[in-house]
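The next block holds one structure in the form of structure tokens; read it before the comments.
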Amino acid sequence: MSGGDIKLVGFLCNWCSYAGADMAGTSRMAQPAEMRIVRLPCTGRVNPLLVLKAFQEGADGVLVSGCHPGDCHYNEGNYYAHRRLELLSRMMAVYGIEPERFRYTWISASEGARWAETVTGFTETIRPLGRLNLAGGGARDDDHHQGPAAGSASPAEKR
Amino acid sequence: MNGIVDTIKNVLKETDLVLGWTTDPVTGVATPARFHDEKEAEQAVFDSTCAHNLAVHLPRLKDSRVGIVAKGCDARSVIELIIEHEVQREQLAVIGVGCGSLLDVKKIWRRYGYGVAIKDRDDSLLIGGEQVNRDEFIQRKCHGCLEADPDIYDVIAGEVTGEIPTDTVRPHPLHDMFVSLTPAERRSFWREQFSRCIRCYACREVCPMCFCRDVCIMQTQIPRWAGGAVDAKQSEMIQLIRVNHLAGRCTGCGECERACPVGIPLMLLLDEQNHAIEEMFAYGAGASLKARPPLLVFDVNKDIWGKG
Ligand code: SF4
Ligand code: SF4
Ligand code: SF4
């Protein structure tokens, strides 16, 4: 992938937003292609660290989407998620990540058009921000048993 | 009202051990100690160098009846540990001590030399015989002191004044600089800071609320949240883990930053998070035995932040 391309990750709940995204796809609605979707049972399963880890491993934007409040398949998963995700969005700037790079939304299975709009809007917000480059300046997770690569610069120098 | 030695002796009649402080013979400042009998208790002290938060030991003493000497800030950790069922109220005898603010011994040593004589009197601080401005050498956390007297105790040793010892609430020394940075600059700032991390895990080991011990996900292989490489990126990840796990649980005791051997300003992260938690839920960890950590509950009617 060329340097300028952005990578987005979407954590979507199986019951509402994933079905909504699926609907947008099968109805052939136009939407940008930068988003990789990870399907999860519920936004209640979205550990905020999944979002931060995605940024650390090279994501430039992360979107979390689940059922509307009151519509959770497991009744209350998204209520717990709401607290965590709101806190996470308030902490983003403290971690040094532009707050726009993280969003959470509620999209139902029947809202294919809304999904297409959301993902388009999100992608257009991130494009001008460009790459986050948080993955630089350190070993990838799976590298570490090989020890530091020969001639690798210190994290500070590499940045 | 009894002094610290007599109080500990009394408490030892009903407990297996008491967590307190004694004077380190080499440096002359306080160091944590465990007292098991009257003879050992003779060595107990409480003074303004007793900075350590001894509550960190409680989760490892689940099978004992434990006495613990606690300042106001330490008592918040005790409360939070009880709320989280890490210790039982019944197994504890809390010896409350009133605190008149603590000295930053490391700072004194850096300035005046290791082991220099420190004499802290009510009205003056003498370092190596020289009178200095005490305010300059107060522990940073004491400038944001919430309670100088413990909120939970079975017995009080010495005097409590009911007063917050420092009238100056000061933000973190780097706070003003930090908030003036753009997100991209903060990114570089943290990478720079974490490039110094030696992965000693002292920040975790010293934190009363980091009691997961050998199942801490900083070091689990499955799932592997952080790689084993000691570099800025992985060290930043372990701190992101910690900050997230401390959400709504951190009492702001400042031990993590105090313990970090390379001076990483960890409290910048935790202060900001504690502030956000307070704003969102009007909640401060360790303030009340009846509280529930805010991320373990929800409130359909109040949780509206204009998003979604
Ligand atoms: S994270 Fe730091 S300030 Fe918070 S409870 Fe743990 S040691 Fe204390
Ligand atoms: S960082 Fe998290 S898993 Fe590790 S000890 Fe602290 S609370 Fe437990
Ligand atoms: S105490 Fe400091 S050096 Fe040690 S692991 Fe924590 S941040 Fe790194």
Side-chain angles (χ1 to χ4, degrees), chain A residues 47-53 55-57 65-66 68-70 76 78-101 103-107 129 132-148 152 154-159, chain B residues 178-179 181-197 217 223-237 239-245 247-248 268-273 275-277 279-281 294-300 302-308:
Chain A
N47 181 340
L49 289 171
L50 282 175
V51 176
L52 293 167
K53 184 80 174 165
F55 281 118
Q56 285 256 328
E57 294 304 322
S65 189
H68 287 275
E76 44 190 42
N78 56 359
Y79 289 130
Y80 289 108
H82 193 188
R83 287 194 161 199
R84 291 179 207 142
L85 297 171
E86 176 63 22
L87 177 65
L88 180 63
S89 67
R90 290 175 190 221
M91 286 299 286
M92 235 12 123
V94 179
Y95 301 143
I97 300 172
E98 289 84 0
E100 301 89 321
R101 293 185 188 271
R103 249 189 95 181
Y104 66 89
T105 62
W106 317 122
I107 291 171
L129 293 175
L132 178 65
N133 281 330
L134 211 53
R140 278 185 58 84
D141 263 12
D142 32 16
D143 287 348
H144 84 280
H145 4 236
Q146 292 139 27
S152 73
S154 83
E157 288 155 5
K158 240 191 197 170
R159 197 176 48 235
Chain B
F178 182 77
V179 293
L181 301 178
T182 65
E185 287 165 345
R186 290 178 185 185
R187 208 139 70 219
S188 312
F189 171 82
W190 286 124
R191 275 295 149 94
E192 201 60 51
Q193 294 293 332
F194 287 116
S195 70
R196 293 203 305 279
C197 173
I217 68 157
R224 181 171 328 149
W225 282 99
V230 180
D231 63 28
K233 179 184 159 191
Q234 302 302 345
S235 300
E236 182 174 272
M237 190 64 206
Q239 224 45 244
L240 291 175
I241 290 172
R242 238 177 61 75
V243 173
N244 275 271
H245 285 186
L268 275 180
L269 293 166
L270 291 150
D271 283 351
E272 289 291 337
Q273 180 163 272
H275 182 70
I277 298 263
E279 237 176 44
M280 290 169 67
F281 311 114
L295 295 184
L296 295 188
V297 289
F298 60 84
D299 184 334
V300 180
K302 283 196 194 146
D303 293 354
I304 25 177
W305 294 290
K307 285 267 188 88

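In what follows, every chain begins at residue 1, and chains take the letters A, B, ... in the order their sequences are listed.
Within the 4.5 Å cutoff, the side chain of A:Glu98 has no heavy atoms near those of the B:Thr182 side chain.
If you measure heavy-atom distances from B:Leu181 to chain A, you find no contacts under 4.5 Å at all. Contact annotation for B:Phe194: neither backbone nor side-chain heavy atoms come within less than 4.5 Å of a heavy atom of chain A. Proximity to chain B (any heavy atom under 4.5 Å) is restricted, for A:Arg90, to the side chain, taken from C-beta onward. When heavy atoms are compared at a cutoff of 4.5 Å, A:Leu50 approaches chain B by way of both its backbone and its side chain.
Judged as a side-chain contact (heavy atoms from CB on, under 4.5 Å), and not counting sequence neighbours, the contacts of B:Asp271 are B:Arg140, B:His172, B:Met267.
The candidate with the highest count of non-hydrogen atom pairs below 4.5 Å against chain A, out of B:Leu268, B:Leu269, B:Val297, B:Ile241, is B:Val297. Put simply, of B:Gly248, B:Pro294, B:Ser235, the one with the most heavy-atom pairs under 4.5 Å next to chain A is B:Pro294. The residue among A:Leu85, A:Leu88, A:Val94 with the most heavy atom pairs within less than 4.5 Å of chain B is A:Val94.
One finds the CD atom of A:Glu86 at 8.0 Å from the CZ atom of B:Phe281 (value rounded to the nearest 0.5 Å). Here CE of A:Met91 is found 11.0 Å from CD1 of A:Ile97. Values are rounded to the nearest 0.5 Å.
Looking at B:Gln234, its side chain does come within 3.5 Å of a backbone N or O of B:Gly227 through a donor-acceptor pair. Judged by distance alone, the side chain of A:Arg83 and the main-chain N or O of B:Leu295 form no donor-acceptor pair under 3.5 Å.
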